[in-house]
Amino acid sequence: MTFRDDSIILLHSNQDLNPIESGVFMLKRTEYCGRLRASDVGKSVIVSGWVHSYRDHGNLVFVDLRDREGLVQLVFDPENHPDTHKSARDLRCEWVISAQGTVRRRSEGMTNPKLPTGEIEIAVERFELQNTAKTPPFEIDDATNVGEETRLQCRYIDLRRPSMQNRLRIRHRVTKIVRDFYDDNGFYEIETPFLGKSTPEGARDFLVPSRLCKGMFYALPQSPQLFKQILMVSGMDRYFQIVRCFRDEDPRADRQAEFTQIDVEMSFVNSEDVMALNEKLICRIFKEILGVEVPQPVRRMTYQEAIRDYGIDRPDLRFDMKLKDISDIAGKSTFKVFTGVVESGGIVKGLCAPGGGRKYSRSDIEKTLADFVSDFGGKGLAWFKVEAENGKPVLKSNLVKFFTHEQQEQMLQRFGAADGDLILLVAGPAGQVNKALAPLRVRIGKELGFARPEQYAFVWVVDFPLFEWNPDEKRFDSMHHPFTSPIEEDMHKLETDPGNIRSQAYDLVVNGSEIGGGSVRIHNPARQAKVFDLLNITRQQAEDRFGFFLRALEYGAPPHGGIAFGLDRLIMILTGTDNIRDVIAFPKTQRGQCLMTEAPSTVELAQLNELNLRVQAHSHGKHQPE
RNA sequence: GGGGGCGUAGCUCAAUUGGUUAGAGCAUCGGACUGUCGAUCCGAAGGUUGAGGGUUCGAGCCCCUUCGCCCUCGCCA
């Protein structure tokens, strides 16, 4: 510490400008460090930034100066500017300076091809020390792998790293494209409230106590759903918003409690209109950010097809490897597990991994893959390796004996199996089987190198069921949300067969990730009431929760529909990270804490009193007062 | 709420079966050095092994408790 103080005094003692104390900064930036090129040779420039690294040769001193745009090399030469050179020898990493000098071309053999600015350097004539810095807890360098806990505690340091700056830059560019796109297409950006009304359905709400209405609470919005529909009733015609949403559920690698949606609603449209317009936005983003041409129109796939072939409503279509139902074959085998499942209405379904027979050993399958399947609720994993005998593929497995020759042939046929392949089967209730097979398919597709990271396979999944049966509550729940409109031709099933009504809902999926979803809404109050009935929402409940909205629908609601994109996930895909915290400037941990600010925290008793709240005693929590 | 992984110097990691004074690279500090760019060379400093307890002659290592981070199931209309 004493050294640091001395060094500042040293700097002050000579002719160079050291305005930390005086506060008078003379050198105003003229260029970004990282933007300088050979074309700038000869220019007199002033750059400002952080000392990224310094190389002191006793005589010559080199400093790599860093700003948002990159690095540039500063040279301090004792022959030309002895005082400046002397001061420069005391510079340390992350000190902030402004330097004036001349851009000059580096001589032959001294260029640095690793830097975009590597052909030039700045011969510094004078500089100002704007600030010193403590030694940072870790290096500002993408090469060193720093633990995330440390990064989150010192996020201001972490965000100096080029990779983080790049991700936030891309995020900015995307939101700029979004705003331009919707503006070009006649949308208004309109803000909606954050302090809203709690609705007990869906995700858990974040609650905010009201001071003025004692004992009452606002809820932070899970999405601006009802407000955007009301904006359509209000005649705004087209709305969008880049908006924070809040869901108080456990985070995941790709999920934060607060996240950002690109929220969109349009009047006088059908689902095709919404998809056709909004896929253009995604195409524009992929084109401008990645240079990737997304084929338009984006492929459509029904929900039913997605579940049948991929076991999931967000299929990764970078590779084929479709799931095949072999219940008909397995049900006739003598393998009790399969016949039992088929007799009780379950299915036997599986996939054929090309080359998987060579890639996976028996213990890979029976331990690693079987454990993986069981993590997702699969009860066992049956396998057959496919090998060629006399030029014909045959099945090899301890289960072969339960299948006749003909059944084996049928199985090979069904999967189109060839020498070296691996057939994996799961048996059980259809939902359970699909839930286990879908992640297995993706895992194997990645492990076998079929899912290339630089490839982007888009698909609209359409015709979602309107309802899904909730066995615990013994009632139907909305699959999307209760304002989703059924498909017209399925309306007659409303009384008789509600489970098979399709909805005008659609999800945009890329590489197995849902990046957006929406629907055409019900704009007829009578039909909305009917749907509430089917959801076992009483008139009173509907009135309590959405009364304001139902009343709005009665005042001339236009037909309307919309969509919401998950901005964070979109940025994850565009930047190729699987960690959502890497695309959020100030994210939270799995316990929802901000390690930098240490939120959440306890509050003053006076604050609680003002809100008429009292905190119950509880056993743990290190931040609790004694 | 369940399952799994991790926690050792500022950072990234090592430390044999429980056995000497817990090591290395980077960073830091001092010195040397005319073109470096992951500078180099010489030297120095740096540790409550996340915390607490236990077993033991002896614990970074074994046991118990606890805190934190990550992944995951449930959850996320």
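Convention: sequence-line order gives letters A, B, ...; per-chain numbering from 1. The figures here come from the full heavy-atom set of this structure, side chains too, leaving out hydrogens, waters and symmetry mates.
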Side-chain ion pair, [X] and [Y], N-O less than 4.0 Å:
| X | Y | answer |
| --- | --- | --- |
| A/Lys367 | A/Asp364 | no |
| A/Glu148 | A/Arg581 | yes |
| A/Asp477 | A/Arg475 | yes |
| A/Arg314 | A/Glu514 | no |

Open item on the list: It should be established whether A/Arg247 places a side-chain nitrogen or oxygen under 4.0 Å from OP1 or OP2 of nucleotide B/A77.
Closed with: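 Yes.
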Task: Distance below 4.0 Å between A/Arg92 side-chain N/O and B/C29 OP1 or OP2 - done: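 For B/C29, OP1 or OP2 has a side-chain N or O of A/Arg92 closer than 4.0 Å.
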Task: Closest-nucleotide ordering on RNA chain B, the 5'-leading residue of A/Asp477 and A/Asn59 - done: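 Whichever sits nearer the 5' end wins; that is A/Asn59.
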TODO: Verify the stacking flag for A/Phe138 against B/C11: centroid separation must be under 5.5 angstrom and the ring planes must differ by under 30 degrees.
DONE: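 Check failed, A/Phe138 does not stack on base of B/C11.
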Open item on the list: Between the base of B/G35 and the ring of A/His57 - centre-to-centre under 5.5 Å, planes within under 30° - is that a stack?
Closed with: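 Here A/His57 fails the 5.5 Å or the 30° condition.
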TODO: Check every atom of B/U36, B/C71, B/C69 against the side chain of A/Arg591 and return the nucleotide holding the closest atom.
DONE: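 That would be B/C69.
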TODO: Identify which nucleotide among B/C76, B/C37, B/G74 has an atom closest to any side-chain atom of A/Asp64, counting heavy atoms from C-beta outward.
DONE: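 Closest of the options to the side chain of A/Asp64: B/C37.
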TODO: Tell me the partner of B/A45, counting only Watson-Crick (N1-N3 plus N6-O4 or O6-N4) or G-U wobble (N1-O2 and O6-N3) with both under 3.5 Å; none if nothing fits.
DONE: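 Looking at the geometry, B/A45 pairs with no nucleotide.
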Task: Any-strand Watson-Crick or G-U partner of B/U36, both distances under 3.5 Å - done: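 Across all strands, not a single nucleotide pairs with B/U36.
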Open item on the list: Once you apply a heavy-atom cut-off of 4.0 Å, does A/Glu148 come out as touching a base, just sugar-phosphate, or nothing?
Closed with: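 Counting heavy atoms under 4.0 Å across all strands, the contact made by A/Glu148 is with sugar-phosphate only.
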